[in-house]
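This report concerns only the one structure given below.
Nothing fancy with the numbering, it's 1 onward along the sequence.
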Amino acid sequence: NPKFPALGVHFTPIFSKQDENEIDYILGPSAVFAFGRESYSWLKNINVADTVETLSKLSFWRMVQQHWRYGARELYKDILINKQVDELRKYVSQLSYDDVQKTSEYSGIRAQTMDEYGAL
């Protein structure tokens with residue numbers, strides 16, 4: 001989506017933990033709300049102060065109002081991994097559901113800047 005150039009599906013190669021001569025891939029993303037600046041797992045390590053700070057900002061709620069549909073789709077793909085695989089198949093058609101396993105071992109946090117009106 002050109003409105004969100006830093007988001008979209010990706011295949012990130014990493015060295016396999018089982019065999020350093022093998023390559024595994026992290027598939028993603030799911031752009032969902034993080035409950036803290038360093039909360040790399042969706043509902044673990046919740047930082048209440050960070051979360052309250054974000055939720056108290058009017059600009060955050062304006063952004064949610066503008067982009068809730070996109071956020072809901074990302075959350076849907078995060079919960080139902082097969083939906084993310086369907087999107088990834090647009091780029092690697094031979095990818096199957098059996099090739100993918102959901103893990104919370106790998107995730108990243110990307111800061112998002114916005115102005116006071118919630119514009120990204």
Worksheet item: Which residue pairs pass the side chain to side chain donor-acceptor pair (under 3.5 Å) test with at least one member in residues 56-66, sequence neighbours excluded?
Response: none
Fill in: Gap separating the CZ atom of Arg73 from the NE2 atom of His67, nearest 0.5 angstrom
11.5 Å
Worksheet entry | Side-chain ion pair, Glu53 and Arg37, N-O less than 4.0 Å | yes
Discussion item. Quick check: do Met63 and Leu120 have side-chain heavy atoms less than 4.5 Å from each other?
Written reply: yes
Worksheet item: Can you find a pair of side-chain heavy atoms, one from Val92 and one from Leu88, that are under 4.5 Å apart?
Response: no
Discussion item. Looking at Tyr97, I'd like to know if its OH atom is crowded, meaning that more than 12 non-hydrogen atoms belonging to other residues, nucleotides or ligands lie closer than 6.0 Å.
Written reply: yes
Response to the item:
Applying ring pair (Phe, Tyr, Trp, His ring centres under 6.0 Å) to Phe60 and not counting sequence neighbours gives Phe33
Worksheet item: Without hydrogens or angle criteria, can the side chains of Tyr25 and Asp99 be said to hold a donor-acceptor pair below 3.5 Å?
Response: no
Item to complete: Indicate yes or no: at least one non-hydrogen side-chain atom of Gln18 is less than 4.5 angstrom from one of Asp24.
Response: yes
Worksheet item: Between Asp19 and Ser16, do the side chains contain an N or O donor and an N or O acceptor separated by less than 3.5 Å?
Response: no
Practice prompt. Could you grab the distance from atom CD of Gln84 to atom CG of Leu95, nearest 0.5 Å is fine?
Written response: 10.0 Å
Worksheet item: Looking at side-chain heavy atoms only, is the closest gap between Ile81 and Val100 below 4.5 Å?
Response: yes
Discussion item. Please check this pair: side chain of Asp50 against backbone of Asn47, looking for a donor-acceptor N/O pair closer than 3.5 Å.
Written reply: no
Worksheet entry | Same apolar cluster (I L V M F W Y, side chains within < 4.5 Å links), Tyr91/Ile23 | yes
